Amino acid sequence: MLAQAILEGLNPEQRAAVETTEGPLLVVAGAGSGKTRVLTHRVAYLVGVCGIAPENVLAVTFTNKAAGEMRERVRKLLGPDADAIWVATFHATCVRILRREIGHLGRSRGFVIYDESDALALVKEALRRHGMDPRADDARRLRWRIDQWKNAGLLPAGAAERAADLEAEQAAEVYATYQRLLAEANALDFGDLLLLTVELFDRFPEVRRHYQQRFAYVLVDEYQDTNRVQYRLVDQLAGEHRNLCVVGDPDQSVYGWRGADIRNILDFERDHPDARVVVLERNYRSTQHILAGAGAVVENNPDRPKKTMLAQRGEGRRIALQEFLDERDEAQFVVQRILEGVRGEGRSYGQYAVFYRTNAQSRPLEEELLKYDVPYVVVGGVRFYDRAEVKDALAYLRLALNPADGMALRRIANRPARGLGKATLERAEARAAERDATLLDGLRTVVADATGRVRSGGEAFLELLDGLARDLPGLSPAEALTTVLERSGYLRALEQEGTPEAEARVENLRELVAGAEDFETANAGEDRSPLELFLDQVALVTDLDSSDLRDDRISLMTAHSAKGLEFPFVFLVGMEEGIFPHQASSRDERAVEEERRLCYVGMTRAMEGLTLCWARERRRFGTRTFGVPSRFLGEIPESTVEGMRPSPGAARRAFDAGAGRSLDYDYDQSAADRAGVAAGMRVRHPIFGPGTILAVTGAGAGQKLRIRFDRAGVKTVLVRYANLELG
DNA sequence: GCCTCGGACTTTTTT
DNA sequence: AGTCCGAGGC
């Protein structure tokens, strides 16, 4: 009965993927092939038909949204039984394990999770401790490097071991300091959540065995996006029962920059010689032209395991390619088209989505949408929880639960202003360092020794903190927030400001409290308090997860954010060399391949209508730059495209012949066109040698190029004098 | 300690 | 064109 309900409506391959419960299984699930369906039905089948206890099943996803959706759908199939199944992101899974087990590693269970800005600030601090200049630029680069190390599974010792030169050795030393500072603050960054869990399982086999036995069935979604640490974690968790089902699509691997290793999925059969493989090639989402066009693009990647998606829907309309003068022109067209569809064809706004390569590209679209009063939502971008006032409020909560959290203390010591400025904090810092104590303890001694404003303001502040530490732990998240905002005088200070900005902040804080009220506290079997759970969730959640893609709004998002979603009508804007593929990727062939997969991901989100747009001119960094059509446009077969299209290899020929000519456009040639240069192109300078054009600015005699030279770094040169050779 | 100004830098993509 | 950060003045 239940078995029938669960297997009904699955095609033979999907059914095989659901019914093959024992042993390692790789499900190669092409775009739109019903991957989520397979995952949810498989979980339901395990519990509802095979009789596996819900707590013995672990399903790991990448986004909270995917986890939430999966839980929801499993619940529909299974009912309340579903609640005992662990369905969570990698990070949430690790937090849950670490909150229980981190004591084995000599760390406290009350750790906080540092976000990116906390982590960056801590890297700066680490640089300072090494007597190095904590320039924002260097700090960011090092932060990135540390993250890569963590993704690769390397602790400081491992990083030092592999250091090839003095510079890398130094970096590894700062990494070690960074880790020490994190430990002192009783904090973990994102990478630590995974890395420390793997370390825990490595060093404590009995702990590992406990979880291995518990999770008799492990499922992993988006396996093509796993990095080294995640690979090891999965390996550890599924190590005993080996009932491991991974689902993914090599063609949709788009997180290599974040340490994801596409080989994890490509080598699955090698790693598990007894693995069964199921390939889902039937696409239920897109019409034929769209699918064929997208497929042709991704086929340009070499070494790609052959996979051909079969459209199950009709031919549909062709892919539209559109050229524009600039980004405003482009935005106008997109909005007009959507308005026509809504007013003329009776469609809803929610049927439309616009994708772009970088978040900054949402701007002109938003302006145009606002002009016509069209409802829209920007997915991703600035997170709600990243707003200053929200972070301040949360910092109070964090500090109340974890007095060692130096970053939280630094954040709120003087917010609202109470006379505890930079100098006082520096003194506190010094005291803390010399007595090996927390920043808060350092501050206590400074305040005790002080007179005047620091003394009075400091004492009031310390009393406030002690009171919060005493009273908050028992409260609900919403009560705790309200208490903080009142007792600290934070809300009062904002209200007294009376500016529109301050009002907006007050509004955001209200929203935060309202969100906390809605926070689900159904946490049976959890050993975290509701407040702790709330803070964990806030640290791990993204806007992408909470944004409701409602039917009455257009969705704007990056191509990355679009992964896993589908829309009847999709616009991909900014299809220009240097933007998509992004200039940072255009030098490295592997990176271009990833961009190509990203393009494939974007295109395959479309069900019925797909329009790709490029603009000849675009404002970037506040100046106008000129562009040529993306190479990906030239890779879409003629037969799947309607109307105007740039000829294949337009970028190349524009380069050779002077841009514009070969494209046969009636367009007033700009200086950049005459020079035949555009962002993304390769040039040779008589002195600096070969390089890549980053941007073209200005016009006429004053026209300049910003070029990243392979050997000489980034320089700005005047076209008139530079004597550049192309190629 | 606080504020204002100027300059550098930004835009990859995110759990 | 914005934003962020540091220096310098009050």
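Just so it is clear, the structure is predicted and the values come from calculations on it, not from any experiment. Numbers restart at 1 for each chain; the letters A, B, ... are given by sequence-line order, proteins then strands.
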ask   = Which of the following nucleotides, dG2(C), dT11(B), dG1(B), is nearest to the side chain of H582(A)?
value = dT11(B)

Scan the side chains in residues 258-265 of chain A for donor-acceptor partners under 3.5 Å anywhere in the protein, sequence neighbours excluded, and list what turns up.
unit_1, atom_1, unit_2, atom_2, d
D261(A), OD1, R263(A), N, 3.0
D261(A), OD1, R263(A), NE, 3.2
D261(A), OD2, R263(A), NE, 3.3
D261(A), OD2, R263(A), NH2, 2.8
N264(A), ND2, T226(A), O, 3.1
N264(A), ND2, T226(A), OG1, 3.1
N264(A), ND2, N227(A), O, 3.4

Listing, residues 449-456 of chain A side-chain donor-acceptor contacts under 3.5 Å, not counting sequence neighbours, or none:
unit_1, atom_1, unit_2, atom_2, d
D449(A), OD2, R431(A), NH1, 3.1
D449(A), OD2, R431(A), NH2, 3.0
R455(A), NE, E459(A), OE2, 2.8
R455(A), NH1, A448(A), O, 3.0
R455(A), NH1, A450(A), O, 3.1
S456(A), OG, G452(A), O, 3.3
S456(A), OG, R453(A), O, 3.3

query = Where do F324(A) and W614(A) land on the ring pair (Phe, Tyr, Trp, His ring centres under 6.0 Å) test, with the steps shown first?
reply = CA-CA 6 Å; F324(A) 302 96; W614(A) 75 279; 8.9 Å; no

ask   = Using a cut-off of 4.0 Å on non-hydrogen atoms, how would the nucleic acid contact of G191(A) be classed: base, sugar-phosphate, or nothing?
value = nothing

Could you pull out the protein-nucleic contacts involving nucleotides 4-10 of chain C (nitrogen or oxygen on both sides, under 3.5 Å)?
none

note = Closest to the side chain of W257(A), out of dT11(B), dT14(B), dG2(C), is dT14(B)

request  = Could you check which of dG1(B), dC2(B), dT13(B) has an atom nearest any side-chain atom of K422(A)?
outcome  = dG1(B)

query = Is the ring centre of Y255(A) under 5.5 Å from the base ring centre of dT14(B), and are the two planes under 30° apart, so that they stack?
reply = no

message = Suppose we screen for salt bridge (charged side-chain N to carboxylate O under 4.0 Å, His left out). Which residues come up paired with E199(A), at least two apart in sequence or across chains?
response = R203(A)

task = List for me each residue that meets salt bridge (charged side-chain N to carboxylate O under 4.0 Å, His left out) alongside R129(A), sequence neighbours excluded, and say none if there are none.
result = E125(A), E429(A)

key: Whole angstrom value for the distance that separates P of dT15(B) from CG of N64(A)   = 8 Å

ask   = Could you give the CZ-to-P distance, from F621(A) to dC9(B), as a whole number of Å?
value = 12 Å

ask   = With respect to the side chain of W144(A), which nucleotide from dT13(B), dG1(B), dT15(B) is positioned closest?
value = dT13(B)

inquiry  = For a quick check of understanding: with a heavy-atom distance under 4.0 Å over all strands, which category does A584(A) fall into, base, sugar-phosphate or nothing?
reply    = base

ask   = T623(A) side chain N/O closer than 4.0 Å to the phosphate oxygens (OP1, OP2) of dA1(C)?
value = no

remark   = Taking dT15(B), dT11(B), dT13(B) as options, the one with an atom nearest any side-chain atom of N359(A) is dT13(B)

task = Could you pull out all residues at least two apart from R427(A) that satisfy side-chain contact (heavy atoms from CB on, under 4.5 Å)?
result = A423(A), V446(A)

task = Would you indicate what F90(A) reaches in the nucleic acid, counting non-hydrogen atoms under 4.0 angstrom: base, sugar-phosphate, or nothing?
result = nothing

